[in-house]
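Since the structure comes first, as structure tokens, the remarks are kept for the end.
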Amino acid sequence: MFSKIRGFKVFNKDFDSFISYILERTKKEKVHIVSGNPEVLTFGEKDGELNNEFKKDTTVIIPDGIGIVIASKVIGNAVNEKIAGIEVLEKLLSIYEEENKGVFLLGAKEEIIVDTYKSIQIKYPKLNITGYNNGYFDIDNCDDLIEKINKGNPEAIFVAMGCPRQEKFIRKYFDKINCKVFMGVGGAFDVISGKSNRAPRWMINCGLEWLYRVIKEPFRIKRLTVIPKYLLKVIFNNKGEK
Ligand code: UDP
């Protein structure tokens, strides 16, 4: 069910299997879902705190990027498909709407999180959004926020504060927040609120979502260099992991 890529276990079945797996596991325990792309997993290699977090049994990494899909092929244990974090988020929202379970939305700028809240309310009218908060606060000093999250007793918290901030927040409060699903969703609220768009489907299908994002937001070009660097490490430093 997992491919080991540079020391991290990455889920290797398809999207539907992943959703079933998460729903089954979270009947009994908490899970931290990490959207693994080369940038996120490189943070996980370099940062001791994240390294620990990404290797915990309660963490599940999904292959959310063409770079990770290619890396899994290079090591000879290919993942079934790319699993996009934003699609997991949308699927879980629709399931929790049906199951009458609550969700908390955390992250992005104030106007973006308000618009995200409104868009999700329109798309999933019966979903219980127990609360929301922008992502600009002191992670080491946010007891009031933790109390606010726990008050609504949500099943899941989706944290859109970019990596490594969102993963550090989840690591720090995993035990204190009474949710079953903890998931970092990066820039997903910018998309849901309508501030930015996802790439057209043909580009997503061709593994070119990264190209679309860099055309729209050229400042990302520097961040992209992590993909070839990551792949070179996989090719030349692959310790025969399976
Ligand atoms: N963000 C935040 N708090 C911060 C820094 C960033 O909530 O202290 C938000 C930011 O507003 C944006 C998201 O985190 O909505 C990061 O998006 P980005 O596109 O960098 O993430 P990616 O999808 O590339 O992981």
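Remember, it's 1-based here, ligands and their atoms both numbered in the order they're listed. Only a predicted model underlies this, so the values are computations on that prediction, with no experimental measurement involved. Values below: every heavy atom of this structure, side chains too, minus hydrogens, waters and symmetry copies.
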- Query: Remaining members of Met161's ILVMFWY cluster at a side-chain heavy-atom cut-off under 4.5 Å?
  - Reply: Phe104, Leu106, Phe137, Ile139, Leu145, Ile146, Ile149, Ile157, Val159, Phe169, Ile170, Tyr173, Phe174, Ile177, Phe182

- Item | Lys/Arg N to Asp/Glu carboxylate O, Glu209 vs Arg213, below 4.0 Å | no

- Message: With ring pair (Phe, Tyr, Trp, His ring centres under 6.0 Å) as the rule and sequence neighbours excluded, what pairs involving residues 47-79 come up?
- Response: Phe8-Phe54

- Query: What does the list of residues with a heavy atom under 4.0 Å from ligand 1 look like, ordered by chain and number?
  - Reply: Gly107, Ala108, Lys109, Gly135, Tyr136, Ala160, Met161, Gly162, Arg165, Gly186, Gly187, Asp190, Arg213, Arg220, Arg223

- Task: Mind checking side chain to side chain donor-acceptor pair (under 3.5 Å) for Asp14 and listing every partner two or more places apart, or none if nothing turns up?
- Result: Ser17

- Do Lys56 and Asn52 get their side chains close enough for a donor-acceptor pair, meaning under 3.5 Å? no

- Message: Are there over 12 heavy-atom neighbours, none belonging to Lys28, within less than 6.0 Å of that residue's NZ?
- Response: yes

